[in-house]
**Q** 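Structure in structure tokens, see below.
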Amino acid sequence: MECDDCVRRLDQLIDRELSGLELEEVQHHLDGCGDCTKRYKFEEGLKRLVKVSCEQGHAPAELRERLRQILR
Amino acid sequence: MAVAAYAQIDWMPMTTVPDGQDAFAAEAITHLDALYRGALRLTRDPDQAQDLVQDAYARALRYQHSYQAGTNMKAWLFAIMRNLFWDRFQKGRPPALSIEDVGEFSLYDRMRDGVTEEGPEDTVLDRIAAGEVVEAIEKLSPLHREVVLLVDVEGFAYKDAAQILGVPIGTVMSRLHRARQHLQKSLYDYAVESGIVPGMGRSA
């Protein structure tokens with residue numbers, strides 16, 4: 001596998017959407033390629049940053065109470 | 001026997017409906033924080049977010065018979081909320097094609113060119129504040145925003161995201177890729193403005 005093929009699959013890799021032979025091939029390439037590994041870690045870190053940034057805060061208490069009434 | 005069987009059939013719904021409803025409501029409410037945060041990202045307004053979530057739950061309750069117990073309730077609720085968002089807050093169906101294109105843009109490549117000693121993966125992400133990321137997400141077009149929300153924030157698999165959005169998996173993948181490039185471009189602009197990385201070409 002070449003770097004281009006690996007980079008094309010990075011979205012799927014960080015989203016855990018690769019499996020089987022394709023996943024093995026990408027992992028094998030990453031084992032031997034520092035550039036792609038750095039890129040992969042960066043993309044993965046960015047995905048995590050997006051998740052963490054958006055996971056802060058809770059639904060307002062009054063909304064929760066209104067929904068309890070609706071769902072009763 | 002026939003009477004007993006009839007009585008049983010007649011009697012079943014009266015007990016199963018309330019029990020089923022309790023279980024439904026109990027599970028539905030566990031997804032409230034996620035739905036509210038999603039609604040905040042979609043509407044970008046706390047009042048509209050509350051309205052959207054409340055309407056989504058009301059609709060979910062009305063259509064709970066179409067929810068199959070044991071399947072992904074969170075995905076089902078997000079689908080309801082997302083459709084309501086487009087019906088009500090965007091006034092119509094999502095456009096078939098997304099808007100302007102930043103072209104191939106890689107934050108990693110820009111960072112690598114701008115940061116010399118350490119790798120960009122070690123330095124830059126740590127310096128970007130959560131608020132900036134949220135702002136960058138809210139700057140995305142709604143079509144891009146919702147796919148980032150589903151896959152990156154909520155961690156839905158492509159197939160679940162595809163079902164929620166009512167598009168093929170390939171569309172989820174291409175939209176997500178575009179969305180990430182827009183997001184990376186915004187974060188890059190922020191990083192340059194705030195001096196996290198030197199601007200390329202202009203300030204040098």
**Q** Kindly give the heavy-atom pair with the smallest separation between A:R39 and B:D109, and that separation in Å.
**A**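 Minimum heavy-atom separation between A:R39 and B:D109: NH2-OD1, 2.7 Å.
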
**Q** Write out, in numerical order, the residues from residues 40-54 of chain B with a heavy atom short of 4.5 Å from a heavy atom in chain A.
**A** B:R41, B:Q50, B:V53, B:Q54

**Q** What's the shortest heavy-atom distance between A:I70 and B:A58, and which atoms?
**A**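 Smallest heavy-atom distance, with atoms named: CG2-CA, 4.4 Å.
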
**Q** Do you know which two heavy atoms are closest between B:A130 and A:S53, and how far apart they sit?
**A** CA-OG, 3.4 Å

**Q** Take atom CD in B:Q68; do more than 12 heavy atoms of anything else shown fall under 6.0 Å from it?
**A** no

**Q** For atom CD of A:E62, is the number of surrounding heavy atoms from other residues, nucleotides or ligands below 6.0 Å larger than 12?
**A**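 Yes.
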
**Q** Please rank B:L61, B:V134, B:L32 by heavy-atom pairs under 4.5 Å with chain A and give me the top one.
**A** B:L32

**Q** Which bit of A:Q56 comes within less than 4.5 Å of chain B, counting heavy atoms only: side chain, backbone, both or neither?
**A**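 It is both, since atoms from each part get that close.
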
**Q** Relative to chain B, which of A:P60, A:G45, A:G57 shows the most heavy atom pairs under 4.5 Å?
**A** A:P60

**Q** After noting the C-alpha distance and the side-chain angles of A:D15 and B:L176, does the key distance pass the side-chain contact (heavy atoms from CB on, under 4.5 Å) rule?
**A** CA-CA 11 Å; A:D15 296 330; B:L176 183 63; 3.3 Å; yes

**Q** How far does OH of B:Y108 sit from NZ of A:K41, to the nearest 0.5 angstrom?
**A** 10.5 Å

**Q** Where on A:R16 is there a heavy atom nearer than 4.5 Å to chain B: the side chain, the backbone, both, or neither?
**A** neither

**Q** Could you tell me which portion of A:V50 (side chain, backbone, both or neither) has an atom closer than 4.5 angstrom to a non-hydrogen atom of chain B?
**A**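 For A:V50, the contact with chain B is made by backbone and side chain together.
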
**Q** Let me confirm one number: the SG-CG distance from A:C54 to B:L149, rounded to the nearest 0.5 Å.
**A** 7.5 Å

**Q** Heavy-atom cut-off 4.5 Å, strictly under: side chain, backbone, both or neither for A:I14 against chain B?
**A** side chain

**Q** A:L49 and B:L125: which non-hydrogen atoms are nearest, and at how many Å?
**A**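 For A:L49 versus B:L125, the nearest heavy atoms are CD2-O, 4.0 Å.
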
**Q** Could you walk me through whether B:V133 and A:L46 satisfy the side-chain contact (heavy atoms from CB on, under 4.5 Å) test, starting with their C-alpha distance in whole Å, then the side-chain angles of each, then the deciding distance to 0.1 Å, before giving a yes or no?
**A** CA-CA 10 Å; B:V133 179; A:L46 186 56; over 6 Å; no

**Q** Using non-hydrogen atoms and a 4.5 Å limit, figure out which bit of A:E44 sits close to chain B: side chain, backbone, both or neither.
**A**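 Contact with chain B: none, neither part.
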
**Q** Can you tell which part of A:E55 gets under 4.5 Å to a heavy atom of chain B, answering side chain, backbone, both or neither?
**A**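 For A:E55, heavy atoms of backbone and side chain both lie under 4.5 Å from chain B.
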
**Q** Heavy-atom cut-off 4.5 Å, strictly under: side chain, backbone, both or neither for B:Q184 against chain A?
**A** side chain

**Q** At a 4.5 Å cut-off on heavy atoms, which part of B:I137 comes close to chain A: side chain, backbone, both, or neither?
**A** side chain

**Q** Specify the closest pair of heavy atoms between A:L63 and B:Y36, including all atoms of both residues, with the distance to one decimal.
**A**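 Nearest pair, atom of A:L63 first, then B:Y36: CD2-CD1, 3.8 Å.
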
**Q** Identify the residues of residues 153-161 of chain B whose heavy atoms come closer than 4.5 Å to a heavy atom of chain A, ordered by number, or report 'none'.
**A**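 Contacts with chain A: B:V153, B:A157, B:Y158.
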
**Q** Can you name the closest pair of heavy atoms from A:K47 and B:D152 and give their distance?
**A** NZ-OD1, 3.2 Å

